There are 2 protein chains.
Amino acid sequence: MTEPLYLHISGRLRQSIISGEYRPEDMLPSENELAALYNTSRVTVRKSLDVLESEGLIKPWHGKGYFVLPPKYTTFTLLFGDNMNEGRFRFQEVNIIRPSKEISEKLQLKKHQMAIVTRRLLERGGKNLAYDEKFIPYERGVPSIEFEIHFAEFPDMFEERFAPMSLHTEMTIGVETAPEHVCAALRLNAPAPLMVVTRLIRAKDDQPIGYGKQYMTEDFGKLTAKSGYYIHDKL
Amino acid sequence: MTEPLYLHISGRLRQSIISGEYRPEDMLPSENELAALYNTSRVTVRKSLDVLESEGLIKPWHGKGYFVLPPKYTTFTLLFGDNMNEGRFRFQEVNIIRPSKEISEKLQLKKHQMAIVTRRLLERGGKNLAYDEKFIPYERGVPSIEFEIHFAEFPDMFEERFAPMSLHTEMTIGVETAPEHVCAALRLNAPAPLMVVTRLIRAKDDQPIGYGKQYMTEDFGKLTAKSGYYIHDKL
DNA sequence: AAGTGGTCTAGACCACTTC
DNA sequence: AAGTGGTCTAGACCACTTT
């Protein structure tokens, strides 16, 4: 139950930084001073400073000392997929198609290479909230398996074929005027601007292996993001 | 120039995890095994494992060993403000106003408390791309200073009065039908759905100290976000 | 030369898990 | 009891910065 010393020290220092006692550009006491102050070894002090460094609060400068960093307000953590799983998906289509120019470029398909598409509609409370398209390259010799994946979410569906840790995703969020088939599925009277989230899944070698677009109506809700050191689960 | 041993070890292990040699749920060799393998001390091995833990790749389990974690696909890092600074802002209004219900709730204003508003228009290449509103509580006795801050960006403007590290921001991204004054400023013919980013700045005690809304047109561009271990600057 | 952080060692004792 | 990770010590030597 008793708190380890190194967490006690990092906690005290974090508090001092957040409260403004140490401000950005300020220097913390040296490792030796802290070791003397808390009557402990330099190793333990270093461990507590490592904690704060990994949280992005401080940066050591060889030969000088530990500096307090200015906060980065432009970096947000976005949690995506939370409200995606509330509601019910209805499949509209699972097919092999000749890809559009956009899809072909995003997936870097070869000429005449086909793509597999799944299209789904998200319903919640009797309302059509979102429309969802996923595209993956079609390759001969990897047959029916592809048709089973359409129940899985991005990028879970790739875990069988790729090392999971090697996948990464690029996301864009914007407004687009939805194409007709999307408007029809969502039962919109006229082409309307919708929030569109695209996701491009890449494997370790940056090879694109999946591309998805989600069209979200006003009823769908909002995406949320957070920034700030203060929200760390520690403290 | 020679790479420290602990980084060498963590690099090798990271490579093994990303390549799929160790998969999620797998256990890494024990600290003692690694120490023997690399002919080094347990302390150095621990330091290399700490690196991977702070990257979210592994999790130690007391008495058992180090487990490889499954990737979290729902956590994205969003860089906001990059395309906000390209272009030119034109101030439309700086004023003390009676707040709307929305503003009053977000800022948790007292009854009859006023708010300061700044409204701006973002132009780029002759096009109106975005409209920007910021609200902060008005307090008597903190007078004209407030009017000077309107050149600063959220949340920089608060750094004088609050400990910078104590601020945090909650963001929502969604589609809203823009109110009339926004449509007028953006020269839209009819009320149109726009991408709306709201930001609520809170101080350390969770007290709201600023609220901003940005309405973005289709021309503005998209927000981008990334996920995946693979994009870490290391490796 | 003196102070700072960066790396590393060879131990120690504890708490948790497995057998 | 044996193996695992968790914490901590008291040194050592190096590289960088300041005086």
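In this text the structure is predicted, and so the values were computed from the model without any measurement. So that the names make sense, note that chain A is the first sequence line, chain B the second, and so on, each numbered from 1.
- Per the geometry, CD belonging to B:E53 stands 11 Å off C1' belonging to D:dG6, to the nearest Å.
- Contact check, A:S30 against C:dT4: a side-chain N or O comes under 4.0 Å of OP1 or OP2.
- Rounded to an integer number of Å, the gap from NE2 of B:H8 to P of C:dT7 is 15 Å.
- Checking the phosphate oxygens (OP1, OP2) of C:dT4, a side-chain nitrogen or oxygen of A:N32 falls inside 4.0 Å.
- With hydrogens and angles disregarded, a donor-acceptor distance shorter than 3.5 Å links the side chain of B:S16 to the backbone of B:R12.
- Both A:W61 and A:V43 lie close to DNA chain C; mapped to their nearest nucleotides by heavy-atom distance, the more 5′-ward contact belongs to A:W61.
- Annotation: cation-pi geometry satisfied between B:R120 and B:F89 (NZ/CZ under 6.0 angstrom from ring centroid, within 45° of ring axis).
- The partner of D:dT17, taking Watson-Crick or G-U wobble pairs whose two distances both stay under 3.5 Å, is C:dA2.
- Within the cation-pi definition used here (under 6.0 Å to the ring centroid, within 45° of the axis), A:K59 does not qualify as a partner of A:F67.
- With rounding to whole Å, A:R42 atom CZ is found 14 Å from D:dT9 atom P.
- Ion pairing of B:E31 with B:R42 is present here, as a side-chain N (NZ or NE/NH1/NH2) and a carboxylate O approach within less than 4.0 Å.
- A:L5 comes within 4.0 angstrom of the backbone, heavy atoms only, and of no base.
- At the phosphate of D:dG6, OP1 or OP2 sits under 4.0 Å from a side-chain N or O atom of B:Y66.
- In this structure, CG of B:L28 is placed 13 Å from P of D:dT4, rounded to the nearest angstrom.
- Put simply, B:K64 has a side-chain N or O that comes within less than 4.0 Å of OP1 or OP2 on C:dT18.
- If you measure from atom CD of A:E3 to atom C1' of D:dT7, you get 13 Å, rounded to the nearest angstrom.
- For A:Y6 and D:dC8, the shortest distance from a side-chain N or O to OP1 or OP2 is not below 4.0 Å.
- OP1 or OP2 of D:dT7 lies within a sub-4.0 Å distance of a side-chain N or O belonging to A:K47.
- A close approach under 4.0 Å does not occur between any side-chain nitrogen or oxygen of B:S41 and OP1 or OP2 of C:dG11.
- Using a 4.5 Å cut-off on side-chain heavy atoms (C-beta onward), B:L121 and B:L129 make no contact.
- Rounding to whole angstrom units, CZ of residue B:R46 and P of D:dT4 are separated by 13 Å.
- Contact between the side-chain N/O atoms of A:T44 and the OP1/OP2 oxygens of D:dT9 is found at a separation under 4.0 Å.
- Atoms CG (A:L52) and P (C:dG5) sit 13 Å apart, rounded to a whole Å.
- Whole-Å rounding puts the A:E31 CD to D:dC14 P distance at 18 Å.
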